[in-house]
S.K.: 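Here you go, one structure.
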Amino acid sequence: MNNHTITNIFLLWGFSSFPELKNLLFVMILFSHAAILFANVSIMVAIKLSQNLHTPMYFLLFSLSCSETGITIVVIPRMLVDLLSESKTISLPECATQMFFFFGLASNNCFIMVAMSYDRYTAINNPLHYCTRMTRKICFQLVMASLMVGFLISLFITTMIFNLYFCDSNNIQHFFCDISPVVHLACDYTSYHEMVIFLLSAFVLVGSFILIMISYIFIVSIVVKMPSAKGRYKAFSTCSSHLTVVCVHYGFACFVYLRPKSSNSFSKDMLMAVTYTVLTPLLNPIVYSLRNKEMQRALRKVLESIFKFFSQLTNRKTLNI
């Protein structure tokens, strides 16, 4: 270790390989970020203000939208600043903080999706006792458990990584402090650390995915026994939005976190990371609003209220002039 210089400052290399695209990327990501915030906040406001959406399914959707919004706030503003800045440095504590919140919220997403699949199973399997089995208290406990487990795993991984020695190279081949690009800069990174990170990532991704699939196996076994085609269609339609989001989320996340890593794979991981930090949080509200008439009506009321407020504000300014 004496032959190495200990690194306390990192350089987020990110999109520096494409300097001619930085202005275009900035505009695209800025508009995507604004759209993500607007879409997810609109869903949260619609759920909060609409009495008919005060159900377990929408409470969990509210929590998922909060978590998705948090992920984008942790990653995208910093990315936008770095796209226009010559200095792309980030201190070791800032990097650790970003990694902790990103992985914690991402893990929380996985466990909330498990809770959502259990909610759908309970609603289809025993609709008469649904309200007693999925009370507001139980939903709150599921969300709190998701947060606690997600952030405890994130705390363990982040603490382990930032107790390693970082020396020589300080170039993170990514646009944020993700696990693999950071840990590969450590001088004392061993197969033990690699195995621990892999097992914990697999627990979050594969473990939660297996629980979701178990719920859907039971759902399918119940639905196929329904005598009416209309009942089967209604049951499957209530699950289709959640299943679409699950497939997209787990498809990209497993590709990035569960395959073998090398220094050459970080550019591919970075492109995939753009998808699950920019596109997936935007896809969730679109999927849930397009396939849900109750949500469409609630969002329409929210948008009408917003337009009415701004029109009244404009009229007042005009009268004052």
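Treat the numbers as computed from the prediction; the structure is a model and nothing was measured.
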S.K.: Can you pull out every disulfide bond (SG atoms under 2.5 Å apart) where at least one residue sits in residues 26-98? Sequence neighbours excluded, please.
M.R.: C95-C177
S.K.: Between I36 and T69, is there a side-chain heavy-atom distance shorter than 4.5 Å?
M.R.: no
S.K.: Please work out whether the ring planes of Y216 and H242 are parallel, tilted or perpendicular, with thresholds of 30° and 60°.
M.R.: parallel
S.K.: Nearest 0.5 Å, what's the CG-CD distance between L185 and Q173?
M.R.: 8.0 Å
S.K.: Do the side chain of N108 and the main chain of L147 share a donor and acceptor less than 3.5 angstrom apart?
M.R.: yes
S.K.: How about CE on M213, more than 12 heavy atoms from neighbouring residues, nucleotides or ligands closer than 6.0 Å, or not?
M.R.: yes
S.K.: Is the backbone of T122 close enough, under 3.5 Å, to the side chain of N126 for a donor and an acceptor to pair up by distance?
M.R.: no
S.K.: Is there a side-chain contact between F10 and T89 in this structure, where contact means two heavy atoms from C-beta onward sitting under 4.5 Å apart?
M.R.: no
S.K.: Would you name the heavy atoms of I197 and Y189 that are closest together and state the gap between them?
M.R.: CD1-CE1, 4.4 Å
S.K.: If you apply the rule side-chain contact (heavy atoms from CB on, under 4.5 Å), what do you find for L53 with M295, and how did you get there?
M.R.: CA-CA 8 Å; L53 298 185; M295 181 59 71; 4.3 Å; yes
S.K.: Is a donor on one side and an acceptor on the other found under 3.5 Å between the side chain of K88 and the backbone of L12?
M.R.: no
S.K.: Looking at side-chain heavy atoms only, is the closest gap between F175 and V75 below 4.5 Å?
M.R.: yes
S.K.: Just how far is it from atom CG of D119 to atom OG1 of T55, taken to the nearest 0.5 Å?
M.R.: 7.5 Å
S.K.: Between S208 (side chain only) and L205 (backbone N and O only), is there a donor and an acceptor less than 3.5 Å apart?
M.R.: yes
S.K.: Look at the side chain of S85 and the backbone N and O of S87, then say whether any donor-acceptor pair between them is shorter than 3.5 Å.
M.R.: yes
S.K.: About how many Å separate CG of D178 and CD of Q98, when rounded to the nearest 0.5 Å?
M.R.: 9.0 Å
S.K.: Hey, does D82 have a side-chain heavy atom less than 4.5 Å from the side chain of R78?
M.R.: yes
S.K.: Does a sphere of radius 6.0 Å around CZ in F209 hold more than 12 heavy atoms from other residues, nucleotides or ligands, not counting ones at 6.0 Å or beyond?
M.R.: no
S.K.: Side chain of H184, backbone of S180: donor and acceptor closer than 3.5 Å?
M.R.: yes
S.K.: Answer yes or no: is there a side-chain heavy-atom contact under 4.5 Å between F101 and I73?
M.R.: no
S.K.: For the residue pair I179 and M99, what are the closest heavy atoms and their distance?
M.R.: CA-CE, 3.9 Å
S.K.: Just by modelled atom types, is the F38 backbone N or O under 3.5 Å from a matching donor or acceptor in the S42 side chain?
M.R.: yes
S.K.: Which distance, rounded to the nearest 0.5 Å, do you find between the CD1 of I112 and the CE of M116?
M.R.: 8.5 Å
S.K.: Has the side chain of S154 got a donor or acceptor atom that lies under 3.5 Å from a matching backbone atom of G150?
M.R.: no
S.K.: Considering all heavy atoms of both residues, which atom of I29 and which atom of M79 are nearest to each other, and what is their separation?
M.R.: CD1-SD, 3.3 Å
S.K.: Would you call the rings of F166 and F162 parallel, tilted or perpendicular if under 30° counts as parallel and over 60° as perpendicular?
M.R.: tilted
S.K.: With a 4.5 Å limit on heavy-atom distance, are the side chains of I124 and M226 in contact?
M.R.: yes
S.K.: Should F151 and L155 count as side-chain neighbours, where that means a heavy-atom distance under 4.5 Å?
M.R.: no
S.K.: Quick check: does any side chain N or O of H174 sit under 3.5 Å from a backbone N or O of W13, one acting as donor and the other as acceptor?
M.R.: no
S.K.: Are a donor atom and an acceptor atom from the side chains of N125 and Y130 found within less than 3.5 Å of each other?
M.R.: no
S.K.: Between the main-chain N or O of T190 and the side-chain N or O of H193, is there a donor-acceptor pair closer than 3.5 Å?
M.R.: yes
S.K.: With hydrophobic residues grouped by side-chain heavy-atom distances under 4.5 Å, do I90 and V81 end up in a single group?
M.R.: no
S.K.: Write down the atom of S117, the atom of L211, and the distance for their closest heavy-atom approach.
M.R.: OG-O, 4.5 Å
S.K.: Return the OG to CG distance between S65 and L60, rounded to the nearest 0.5 Å.
M.R.: 11.0 Å
S.K.: A side-chain contact here means heavy atoms from C-beta on lying under 4.5 Å apart; do T72 and N40 qualify?
M.R.: no
S.K.: Of the non-hydrogen atoms in L299 and A46, which two are nearest, and what is the gap between them?
M.R.: CD2-CB, 4.0 Å
S.K.: Looking at every non-hydrogen atom in both residues, tell me the closest pair between I222 and Y121 and how far apart they are.
M.R.: CD1-CE1, 3.8 Å
S.K.: Output the distance between atom CD1 (I71) and atom CG (N109), rounded to the nearest 0.5 Å.
M.R.: 4.0 Å
S.K.: Tell me if the CE atom of M148 is crowded by more than 12 foreign heavy atoms within 6.0 Å.
M.R.: no
